[in-house]
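Predicted model, so just to flag it, every value in this text is computed and none were measured. Chain naming here is simple, since letters A, B, ... match the order of the sequence lines and numbering starts at 1 in each.
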There are 2 protein chains.
Amino acid sequence: MPHHRANADAQLEAALDLLRANHQRVTEPRKAILGILSREHGPFTAEELHKRMKKDTCDLVTIYRSLAVMEESGAVRRCDFGDAAYRYEINTGDHHHHHIVCRSCHEAKTLDMCVADGLERMARQLGYTKVTHLLEVFGVCPQCQENANKQPRPHKN
Amino acid sequence: MPHHRANADAQLEAALDLLRANHQRVTEPRKAILGILSREHGPFTAEELHKRMKKDTCDLVTIYRSLAVMEESGAVRRCDFGDAAYRYEINTGDHHHHHIVCRSCHEAKTLDMCVADGLERMARQLGYTKVTHLLEVFGVCPQCQENANKQPRPHKN
DNA sequence: ATTAGTGCAAATCTTTTGCAGTATA
DNA sequence: TATACTGCAAAAGATTTGCACTAAT
């Protein structure tokens, strides 16, 4: 996979354009958040984003507020891994996907497919509107299994 | 569907037996929680369970602690509807299922099927162990759509 | 110049923990 | 009676809000 950098830049620009299109201001904190989300493999919690920024980029509160507005404009997407902390990833929009999340280190791999369309259809037939779904797979990754005997890979939360 | 009551009683007894089998004590608060979960259609949050009990049955804290131990012994199952509050249902154990949850009133209908088995298999092929998944469908139920013009159906949280 | 965005402090909401007292097996 | 369970108060962690200040458009 070449052009990692170029691809990240393109994602970042697309996200910033979404902000502009939605009459939201392009500020340093927002550029910082989207920069991380486009360059590093997430998704990340607000806390994790904050730690990844260089010191004094912005307050943690600003990250929460920025993520909220950026989700509304479609620049980012919120993920729920069932562990009491929301995570965010950049919204490429081009395809629907889910994750395999390690129970030990919390690292998430992307699954470029979805099997829940049938369920959504069923929900619509039952008369529901604005139908969406939540689908995540959990397990212990090979890396963590290996480290299990020794030291478990550390993770926040 | 006849025998609602009898069925609820059977579920309750089965759950209590699970507690005994796991050397956990059968106390009033636990009987109250399992009673509600077996008789009423959930799943419910700790708070909702507390409100449904007759006054002074037990403290909210006890509900949290009871749910934790009862989940360990398999008497109840925890559901995550992606809204920052865990919900619990009685674990009948006989079949895997998921829910359609209304975004407005939070009422959950049970979906007696699952389409994520393929994803679990894929995760195992990737080397993950202890694989499970989280799958929920969301929408606005017909009832709430109808009430939308008038008063939205109230919901906690 | 407007108005959205920000920092700081404090509030909120859900869940957890410490500890001394109570009840179950 | 031994030890798990409970109540109360208080802590903890994630997220939100109030308000005065700052900066993007």
Side-chain angles (χ1 to χ4, degrees), chain A residues 15-35 42-73 75-76 78-88 106 154-157, chain B residues 15-34 42-73 75-76 78-88 106 155-157:
Chain A
L16 293 177
D17 283 343
L18 267 172
L19 290 189
R20 293 184 190 105
N22 286 274
H23 322 98
Q24 284 164 4
R25 296 179 182 173
V26 173
T27 65
E28 287 309 316
R30 294 177 186 185
K31 281 192 278 188
I33 293 170
L34 294 173
F44 298 117
T45 63
E47 192 79 49
E48 288 166 350
L49 285 168
H50 198 216
K51 283 194 192 122
R52 266 159 232 264
M53 288 178 181
K54 67 170 82 122
K55 206 172 170 317
D56 289 323
T57 300
C58 74
D59 195 275
L60 176 60
V61 184
T62 295
I63 298 184
Y64 278 107
R65 282 195 269 228
S66 294
L67 288 172
V69 290
M70 296 196 297
E71 187 188 16
E72 263 186 276
S73 57
V76 303
R78 188 170 84 172
C79 307
D80 186 330
F81 290 173
D83 71 335
Y86 292 123
R87 285 172 173 73
Y88 292 83
H106 284 192
H155 69 271
K156 44 278 141 188
N157 267 54
Chain B
L16 294 178
D17 283 342
L18 267 172
L19 291 189
R20 293 186 191 103
N22 285 273
H23 322 97
Q24 285 163 5
R25 294 180 182 174
V26 174
T27 65
E28 287 310 318
R30 294 177 186 186
K31 279 192 278 188
I33 293 170
L34 293 173
F44 299 116
T45 63
E47 191 80 48
E48 288 166 350
L49 286 169
H50 197 216
K51 284 194 192 122
R52 265 158 232 265
M53 286 176 182
K54 67 170 81 121
K55 206 171 169 318
D56 290 323
T57 302
C58 75
D59 195 274
L60 176 59
V61 185
T62 295
I63 298 185
Y64 277 108
R65 282 194 270 228
S66 294
L67 288 172
V69 289
M70 295 196 298
E71 188 189 14
E72 263 184 277
S73 58
V76 303
R78 189 170 84 172
C79 307
D80 184 332
F81 289 173
D83 71 335
Y86 292 122
R87 285 173 172 72
Y88 291 82
H106 284 194
H155 69 270
K156 43 281 142 185
N157 266 52

> Between atom CD of B:E72 and atom CG of B:L18, what is the distance when rounded to the nearest 0.5 Å?
Replying inline: 13.0 Å

> Taking it one step at a time, do B:R78 and B:R87 satisfy side-chain contact (heavy atoms from CB on, under 4.5 Å)?
Replying inline: CA-CA 6 Å; B:R78 189 170 84 172; B:R87 285 173 172 72; over 6 Å; no

>> Please report the interatomic distance CZ(A:R65) to CZ(A:R30), rounded to the nearest 0.5 Å.
In response: 10.5 Å

>> Closest approach to the side chain of B:P29, judged atom by atom: which nucleotide of C:dC8, D:dC8, D:dT6 is it?
In response: D:dT6

> Closer than 4.0 Å, any side-chain N/O of A:S66 to the OP1 or OP2 of C:dT6?
Replying inline: yes

> CG of B:D80 versus P of C:dT15: gap in Å, rounded?
Replying inline: 10 Å

> Taking for each residue the nucleotide of DNA chain C with the nearest heavy atom, is it A:H23 or B:E47 whose nucleotide lies nearer the 5' end?
Replying inline: A:H23

> Between A:F81 (CZ) and D:dA14 (C1'), how many Å, whole number?
Replying inline: 17 Å

>> Given 3.5 Å as the limit, does a donor-acceptor pair link the side chain of A:N22 with the main chain of A:Q24, or not?
In response: no

> Are B:E28 and B:C58 side-chain neighbours, meaning at least one heavy-atom pair lies under 4.5 Å?
Replying inline: no

> Under 4.0 Å between a Lys/Arg side-chain N and an Asp/Glu carboxylate O for A:E48 and A:K51?
Replying inline: no

>> For B:L19 and B:L34: C-alpha separation, side-chain torsions, deciding distance, then whether side-chain contact (heavy atoms from CB on, under 4.5 Å) applies.
In response: CA-CA 11 Å; B:L19 291 189; B:L34 293 173; 4.1 Å; yes

> Between B:Y64 and C:dT16, is there a side-chain N or O to OP1/OP2 distance below 4.0 Å?
Replying inline: no

>> Strictly distance-based, threshold 3.5 Å: is any side-chain N or O of A:T57 a donor or acceptor partner for the main-chain N or O of A:M53?
In response: no

>> Tell me the interatomic distance from B:N22, atom CG, to D:dC5, atom C1', rounded to whole angstroms.
In response: 16 Å

>> Between B:Y86 and B:D80, is there a side-chain heavy-atom distance shorter than 4.5 Å?
In response: yes

> Can you tell me how far P of C:dT14 sits from CG of B:D59, to the nearest Å?
Replying inline: 15 Å

> How long is the line joining CG of A:D83 and C1' of D:dA14, in whole Å?
Replying inline: 11 Å

> To the nearest angstrom, how far is A:M53 atom CE from C:dT6 atom C1'?
Replying inline: 13 Å

> B:L60 side chain: which of C:dT15, D:dT16, D:dG7 is closest?
Replying inline: C:dT15

> In whole angstroms, how far is the P atom of D:dT16 from the CZ atom of A:R78?
Replying inline: 8 Å

Extract from the structure each pairing of a protein N or O with an N or O of nucleotides 22-25 of chain C at less than 3.5 Å, listing the distance.
{"from": "C:dT24", "atom 1": "O2", "to": "B:R25", "atom 2": "NH1", "distance (Å)": "2.6"}
{"from": "C:dT24", "atom 1": "O2", "to": "B:R25", "atom 2": "NH2", "distance (Å)": "3.3"}
{"from": "C:dA25", "atom 1": "OP1", "to": "B:V26", "atom 2": "N", "distance (Å)": "3.1"}

> Any side-chain N or O of B:R30 less than 4.0 Å from the OP1 or OP2 oxygen of D:dT6?
Replying inline: yes

> How long is the line joining CE of A:M70 and C1' of C:dG5, in whole Å?
Replying inline: 12 Å

>> So if I take the C1' atoms of five pairs at each end of the helix from C:dA1-D:dT25 to C:dA25-D:dT1 and get each local axis, what angle do the two axes make, rounded to 10 degrees?
In response: 40°

